[in-house]
Amino acid sequence: MPADEFIINLALAALDADHQMRELLTEPGTGRRVAFPLLYTYATNVAFVPPADFSARLADDPRAAADLQRLIANRAFSHVSSLAAAASGKVLRRETAEAVLTLTPSRANPAHVYLRIELVDAAVQAPAQLFVHASDGTWHKLPLPAFTEAAAQILLEADGAIARALSDIAAEAYLC
Amino acid sequence: MSTALENLSLEEGKSAALRAVLACIAESSAADGGPRYSSKVCRELARAVVCRNYARPLLELVHLMVAASVGGRRFEDFFWGVDRATAGDFRSRFASLAGGYDHVSVMPGCIVHRQGESAFQISFGRMPFLAAMLEFMIMALGYGDIDDLTQPLRHQTPSPGDISTVTKALQRRLYVYLKDHLPPAQRQRRERHFLTYVGDHAGNRTGADAITDAIVLSYWQKYANEDAIEARTYRGVFETSRRLIVVLDAASERFAGTHAAPIGTEYEAGEVDPTDVDAVITHLEDGESPLERVLATCGDVVKFINVNEAEMLRDLPLGDGSGRRIPISVLRNAVWGAVQVRISAALRQGRGELESLLPDSGQGLYRAKLSAYADLLDSLERLALAALWPLHQAGDNAAIELALTLAPDLDWAGLAATGDDGNVISLDTHVASRRFFATAPDVRGDELPALLADARQAWRGVNRAGFKDLNAAAAISAMAEAAPEVLRLIAAIRRFIDSDLRGIDWPSVESKDDATFELMLRRLYGLMAEGPSHAG
């Protein structure tokens, strides 16, 4: 093949590709994706508060939802899996090889429940946050206080999203 | 027809997910709201994707993931543990990870991954692009898949076999993804039509040499009024010819450099090497022109260039060979191309005074433009001289480069001399630098004192952002960063004016062009009398 023909074809291929590249960058396409850095920050930064539409956007982006679950699972100190279908009603105690989680209604105020987390091994580094993956796919994140003698206790709204999700047999949770 | 539309719709549907991923990465922001990735990195990523030139980047990424995973660390903590993906942030990140791993070492400008006798280097400057590539892979293929595929890289010391296996697996997955989501690039009709015309009228000339001022003008004259061809504006035709010159030159250089025997001409059939296409496209990057680099480095902080000046300079082909090949077209575009843009805008806005937008003939339009460029060049050189003063006062090394460029005869060896044993003069750059910054301005002094006095006087005469306060640290820092780029811009403008535009009989060109362009514009826009009405 003559060199000129190759040069012209290479030049034209480059112009075509350049045009396509500019189009790809200027026309955003359909469906807005949830950025991976946002998922990472949500999973790793205890103090990070996600945007208000975070759950809705995750619901619209199943791939990102799967990425978040994997990110959290990869970093989890302990995974509290959903319970078998045989279990029924509300669950007040969840147990894993690493920790025991119990929900105890407050005697002083029925609107509150106590979430107590006890670590099986007091020597391990205590988790800093709890993620609850509700049965409807929604994620809830709870920063944990410092553990004392391998245990931490948090006061929750009994009717709040986290307490309700934790007492649902279909929900799963991760201590990270 | 309906089949064509269906195909178009199908192609758009295929690429929607890909567009969404690229848009998400481009819009990804750092904690301070600024972009996580620079636009240059985003374009580089899109280019690698479109050209399917991902084999080498994925190999680099795999080596970087090994380095990021030393000591059992999670790779995502390395890549997304930095807020803004810049070379400096990744350098700091590696500095903080430092610690006795035989197979990975951190060097001043790069990291090195050693495997037996071989070593693989990745510069810190490359890492932002590789981070964007990884983010693209994760968003396109899924974090879980990437996590699984790259698992062997987290072995204590991954083997060459691990590297190869993971790289090939990632390449295969991306190949399949792009097969499903990246439609073939559309063949750009405008460039092909122009090139065919060039081929028919170029005589014995080939390649970019075949594109001449005469051909650009005659093509516009022939096709400006044809709806089927996008050639209505002279500016459009000029830009097409300029881009073709750039890519033809780059392709020619690429071919000459490699001496590779191409196996065919069909890009989609894999007969044109994606690496070649990627390399040629790089030459079309606006951000690489000397003007854009000045604006990128100092922008609004130090106004070496204001908005009007930038607009004027954008007409000049400062970073490519088109000025050399079609110098008259550059001036035609700057003068008549701009007139046509104003007429088009007036028509869109329904304004009726189109006649008044035609410039008077016989006024030496090109020479006036050349004079404006020369004035701008003088102004820029004056600003470079002015910048020498604060940089010298701040003891910034950028002052030395400025001084040596502005006064090439400066006796640097004299400043550096530390001793003379009769035969050999001992030179010390540290001594020279110290003496340089210790020199005081003196109008009646020798070279350097006089230069500094000129610089101080120039500084006092400038009334622009960044040139007002000797103690503004941010401005001085931006000025220091921009100074080499300003010098490159000055050199590029000077080369264009003194070399590319030299030897042209401008009065003669003006006389012919006034008539030609006025006639064309009158015909195109239905203005009353045909022929030059203001001929001088």
Side-chain angles (χ1 to χ4, degrees), chain A residues 1-45 47-51 57-58 60-76 176, chain B residues 15-29 36 42-43 46-47 49-51 74 76-77 80-81 135 138-139 142-144 147 182-183 185-188 191-192 195 206-207 243-244 247-248 250-252 254-255 261-262 264-267 272-273 276-278 280-281 283-284:
Chain A
M1 185 200 331
D4 278 352
E5 192 186 343
F6 170 71
I7 287 166
I8 288 171
N9 279 292
L10 174 56
L12 288 172
L15 283 173
D16 295 344
D18 182 63
H19 192 264
Q20 186 177 32
M21 180 192 92
R22 284 169 202 269
E23 259 189 2
L24 279 176
L25 285 175
T26 50
E27 294 169 24
T30 53
R32 198 167 146 226
R33 295 290 310 272
V34 181
F36 188 76
L38 177 62
L39 302 179
Y40 175 81
T41 309
Y42 178 76
T44 59
N45 184 341
F48 178 73
V49 179
R57 287 179 57 198
L58 269 184
D60 287 342
D61 189 347
R63 207 180 259 275
D67 287 352
L68 178 62
Q69 178 147 19
R70 178 66 176 256
L71 256 177
I72 291 172
N74 269 355
R75 323 179 73 82
C176 292
Chain B
S15 64
L18 173 60
R19 287 168 199 263
V21 170
L22 288 171
C24 191
I25 292 171
E27 289 164 11
S28 190
S29 57
R36 174 172 160 77
C42 294
R43 283 197 307 275
R47 209 168 62 228
V49 168
V50 164
C51 297
R74 295 286 322 170
E76 55 268 25
D77 289 342
W80 290 277
E135 196 164 318
I138 284 176
M139 294 201 66
Y143 167 67
D147 194 32
L182 181 65
Q186 287 186 18
R187 293 163 70 86
Q188 296 303 303
E191 280 92 358
R192 283 171 172 80
L195 214 48
T206 58
R243 284 163 60 78
L244 271 166
V247 291
L248 284 166
S252 178
R254 185 88 186 158
F255 185 49
T265 58
E266 286 300 315
Y267 178 56
V272 176
D273 188 339
D276 288 335
V277 178
D278 194 340
V280 171
I281 294 185
H283 292 258
L284 291 168

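Within every chain, numbering begins at 1; the chains are lettered A, B, ... in the order of the sequence lines, protein sequences first and strands thereafter.
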Does the pair [X]/[Y] count as a salt bridge with the N-to-O cut at 4.0 Å?
| X | Y | answer |
| --- | --- | --- |
| A/D18 | B/R43 | no |
| B/E76 | A/R70 | no |
| A/R63 | A/D67 | no |

Side chain / backbone / both / neither for [X] at chain B, heavy atoms under 4.5 Å:
| X | result |
| --- | --- |
| A/A35 | both |
| A/L38 | neither |
| A/F36 | both |

Checklist entry - What's the shortest heavy-atom distance between B/A251 and A/L10, and which atoms? => result CB-CD2, 3.8 Å

Checklist entry - Which bit of B/D278 is near chain A, if near means a heavy-atom gap under 4.5 Å: side chain, backbone, both or neither? => result neither

Checklist outcome for this item: When the 4.5 angstrom heavy-atom criterion is applied to B/I25 and chain A, the contacting part is neither

Next on the checklist: I'd like to know if the side chain of A/Y40 pairs up with that of B/D77 as donor and acceptor (distance under 3.5 Å, no hydrogens or angles considered).
Outcome noted: yes

Checklist outcome for this item: Interface check, chain A: of B/T206, B/L22, B/D147, most non-hydrogen pairs under 4.5 Å belong to B/D147

Item to check | Most contacts with chain A, counted as non-hydrogen pairs under 4.5 angstrom, among B/L248, B/L244, B/V49 | outcome: B/L248

Checklist entry - Would you say A/R32's side chain and B/A20's backbone share a donor-acceptor pair under 3.5 angstrom? => result no

Checklist entry - Among A/D61, A/T41, A/N74, A/N45, which residue forms the greatest number of heavy-atom pairs with chain B at distances under 4.5 Å? => result A/N74

